[in-house]
Amino acid sequence: MKKTDRQHSRDCGHDGGEHADIIIVGGGPVGALAALRFAAAGRRVLLVEARAKDAPLTDARALALSWYSREALAASGAWPEDLSASQIDSVHVSQQGAFGRTRLDAADLKLPHLGVVVDYPALTLAINARLEQAGVQVWWETRVEAVNSMACYATVKTSGVHGDISLTARLVVLAEGGALADSLPGIKRLVHDYQQCAVLAEVSTEQPPAGVAYERFSKQGPFALLPHGDNYMLVWTRSHDDAKALQQAPDEQVMAELQQAFGERQGKVLSIGPRASFPLALRQVNRVSSGRVVLIGNAAQTMHPVAAQGLNLGLRDAIGLTDALNEVSDPGDAAALAVYAASRKLDSHAVVGFTHGLIKLFDGDSALVSALRGVGMSTLDSVPPLRRAFARHLVFGL
């Protein structure tokens, strides 16, 4: 039988003040999914988020979610039927100026779709509505200043609209907040600055997307064209100088550069919208728990967007954590958190390694390297069991 918060606090000598079973820091999709799943399992959850509940959402990102991620959000009620999203039925992978390509299809996995593309603001509004509907307690406009783990509970110091308050919980889940994680005993973070930016812009072409997403390794840097309504969302990896130049250049110049890199697969590039850019770096912790604090999502790892795996990996973290603690009376139990860490290690390291390896593999521009890449893509495309296994790992993880 699970102990109540009051019983656990009394056993540990806690005074029973501001206390929750689980405190989750970060109200983005990963933290919110964890909160919804914990609440559905009967946990007393407090979600702490720095932004205001009704703050204008101006994030330019369009999120590429695997079908598994989409279904996980839907199962928690965070994907309403009227949520506007574009379907990905196939992914076409190629390189500029050389042979070799791979095409991944939903039919290979007997899925309705490989994934979907949704605007970050639209998904955030849907998740916020579901949190309220599910009765999850959320402290908006609240920053976490410090986290400390003790024998029987963890402490969280907050500031914001509720004032300066110290909270306790049996488990603290960091879904965001790299600085907080870096302050924890035993946590070290590997950081690799790619010296690159992701340039985002909406692009229209002569032919509509028809459910096809493109991953193209161009001479200037890899880019993705993701279905976005009747248009595409471009995510182009460029150097810092290139990114700045693309933001400032006339639309016609950027369109011509994209046309040359992409070719005529979708006909002519008709228009391109305003460009936004984000710096790119790999950040991964050496371990995902420290005492009664566990790291998921961006707190555990951030990576290059080349394979659109970052958010999907974070959502699998949330699912894995809630599953691992489902039958555990004390969610901060060291043995239970060790089981979670072991269960997520393969998926996390494989996805981070694969993403980082792609950047290194496609960074060279010699004829030999290009030929080897072409052979690899052609082999993957021509061997159905290998292609299906590869697609399955992208959708479901390891």
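Computed from heavy atoms alone, side chains included, the values below leave out hydrogens, waters and symmetry copies.
Both Leu174 and Tyr340 sit in one connected hydrophobic cluster of ILVMFWY residues. Membership requires side-chain heavy atoms under 4.5 Å apart, directly or through other members. One hydrophobic cluster, built from ILVMFWY side chains closer than 4.5 Å, holds both Ile319 and Leu325. One hydrophobic cluster holds both Ile165 and Val45 under the rule that ILVMFWY side chains link at heavy-atom gaps under 4.5 Å. Note on Ile24: it clusters hydrophobically with Val144, by side-chain heavy-atom contacts below 4.5 Å among ILVMFWY residues. Under the 4.5 Å side-chain heavy-atom criterion for grouping Ile, Leu, Val, Met, Phe, Trp and Tyr, Leu234 is not connected to Leu226 through any hydrophobic cluster.
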Test side-chain contact (heavy atoms from CB on, under 4.5 Å) applied to Val93 and Tyr214, step by step: CA-CA 6 Å; Val93 186; Tyr214 291 93; over 6 Å; no
Step-by-step side chain to side chain donor-acceptor pair (under 3.5 Å) determination, Ser204 to Ser271: CA-CA 5 Å; Ser204 66; Ser271 67; 2.5 Å; yes
side-chain contact (heavy atoms from CB on, under 4.5 Å) evaluation trace for Val118 with His228: CA-CA 8 Å; Val118 61; His228 194 240; over 6 Å; no
Chi angles and distances behind the side chain to side chain donor-acceptor pair (under 3.5 Å) call for Ser69, Asn312: CA-CA 6 Å; Ser69 295; Asn312 292 297; 2.7 Å; yes
side-chain contact (heavy atoms from CB on, under 4.5 Å) assessment of Trp139 paired with Glu49: CA-CA 6 Å; Trp139 279 17; Glu49 170 56 42; over 6 Å; no
Check against side-chain contact (heavy atoms from CB on, under 4.5 Å), Leu270 and Glu206: CA-CA 7 Å; Leu270 301 178; Glu206 279 188 314; 3.9 Å; yes
His304/Gln196 under side chain to side chain donor-acceptor pair (under 3.5 Å): CA gap, chis, key distance, verdict: CA-CA 10 Å; His304 200 287; Gln196 296 172 330; 3.2 Å; yes
Side chain to side chain donor-acceptor pair (under 3.5 Å) evaluation trace for Gln87 with Asp89: CA-CA 6 Å; Gln87 299 164 352; Asp89 298 318; over 6 Å; no
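Of all non-hydrogen atoms in Leu280 and Cys197, the two that sit nearest each other are CD1-C, 3.7 Å. Residues Ala126 and Ala78 approach most closely at CB-O, 4.0 Å, considering heavy atoms. Shown here for Ala181 and Arg189, the closest heavy-atom pair between the two residues is CB-NH2, 3.2 Å. When all heavy atoms of Pro279 and His240 are compared, the closest pair comes out as CB-CE1, 4.4 Å. Heavy-atom minimum distance, Gln259 versus Val269: OE1-N, 2.7 Å. When all heavy atoms of Val172 and Ala154 are compared, the closest pair comes out as CG2-CB, 3.7 Å.
A salt bridge links Asp330 with Arg292: the distance from a Lys NZ or Arg NE/NH1/NH2 to an Asp or Glu carboxylate oxygen falls below 4.0 Å. Looking at Asp182 and Lys188, no side-chain N of the basic residue comes within less than 4.0 Å of a carboxylate O on the acidic one, giving no salt bridge. Taking 4.0 Å as the cut-off between side-chain N and carboxylate O, Asp241 and Lys244 do not count as a salt-bridged pair.
Between Met150 and Thr155 the shortest side-chain heavy-atom distance falls below 4.5 Å. Put simply, the side chain of Phe396 reaches to within 4.5 Å of the side chain of Leu111, judged on heavy atoms. Using a 4.5 Å heavy-atom cutoff, the side chains of Val285 and Leu190 are not in contact. For the pair Val288/Ile296, no side-chain contact is recorded, criterion being any heavy-atom separation below 4.5 Å from C-beta on. In this structure the side chain of Ser94 never reaches within 4.5 angstrom of the side chain of Phe217, judged on heavy atoms. At a threshold of 4.5 Å between non-hydrogen side-chain atoms, the residues Glu257 and Trp236 count as touching. For the pair Val173/Leu171, a side-chain contact is recorded, criterion being any heavy-atom separation below 4.5 Å from C-beta on. Looking only at side-chain heavy atoms (C-beta outward), Trp79 and Ile127 stay at 4.5 Å or farther from each other.
Between the side chain of Arg143 and the main chain of Val48, no donor-acceptor pair closer than 3.5 Å is present. Asp193 places a side-chain N or O within 3.5 Å of a backbone atom of Gln195 that can act as its donor or acceptor partner. Looking only at distances, a side-chain donor or acceptor of Ser239 sits under 3.5 Å from a matching main-chain atom of Asp242. Looking only at distances, no side-chain donor or acceptor of Arg316 sits under 3.5 Å from a matching main-chain atom of Tyr68. Looking only at distances, no side-chain donor or acceptor of Ser277 sits under 3.5 Å from a matching main-chain atom of Ala243. Remark: side-chain polar atoms of Thr205 are paired, donor with acceptor, to backbone N or O of Gln207 under 3.5 angstrom. Side-chain atoms of Arg216 come within 3.5 Å of backbone atoms of Ala261 as a donor-acceptor pair (strictly under, hydrogens ignored). Listed for the Ser348 side chain is no donor-acceptor partner under 3.5 Å among the backbone atoms of Lys345. Using modelled atom types, one side-chain atom of His19 and one backbone atom of Thr168 make a donor-acceptor pair closer than 3.5 Å. A side-chain donor-acceptor contact under 3.5 Å links Thr142 to the backbone of Trp140.
Enclosure of atom CZ in Arg265 by more than 12 non-hydrogen atoms of other residues, nucleotides or ligands within 6.0 angstrom is indicated. Heavy-atom contacts from other residues, nucleotides or ligands closer than 6.0 Å to CD of Glu132 number 12 or fewer. Environment of CG in Asp230: sparse, with no more than 12 heavy atoms of neighbouring residues, nucleotides or ligands closer than 6.0 Å. Remark: Glu145 CD is packed, more than 12 non-hydrogen atoms of other residues, nucleotides or ligands lying under 6.0 Å away.
Expressed to the nearest 0.5 Å, how far CG of Leu36 lies from CG of Leu73 amounts to 9.0 Å. To the nearest 0.5 Å, atoms CE (Met303) and CG (Asn298) are separated by 8.5 Å. Of the inter-residue distances, the one linking Gln95 atom CD with Arg101 atom CZ reads 13.0 Å to the nearest 0.5 angstrom. Here the straight-line distance linking atom CG of Leu167 with atom NE2 of His162 works out to 9.5 Å at 0.5 Å rounding. To the nearest 0.5 angstrom, Ile272 atom CD1 is 6.0 Å from Leu258 atom CG. How far CD1 of Ile22 is from CG of Leu321: 7.5 Å, rounded to the nearest 0.5 Å.
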Return all side-chain donor-acceptor pairs below 3.5 angstrom for residues 381-390, not counting sequence neighbours, or 'none' if the list is empty.
{"from": "Asp381", "atom 1": "OD1", "to": "Arg103", "atom 2": "N", "distance (Å)": "3.0"}
{"from": "Ser382", "atom 1": "OG", "to": "Ser378", "atom 2": "O", "distance (Å)": "2.9"}
{"from": "Ser382", "atom 1": "OG", "to": "Thr379", "atom 2": "O", "distance (Å)": "3.2"}
{"from": "Arg387", "atom 1": "NE", "to": "Asp108", "atom 2": "OD2", "distance (Å)": "2.9"}
{"from": "Arg387", "atom 1": "NH1", "to": "Asp381", "atom 2": "O", "distance (Å)": "2.7"}

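A cation-pi geometry, defined here as NZ or CZ lying under 6.0 Å from the six-membered ring centre and within 45° of its normal, holds between Arg61 and Tyr120.
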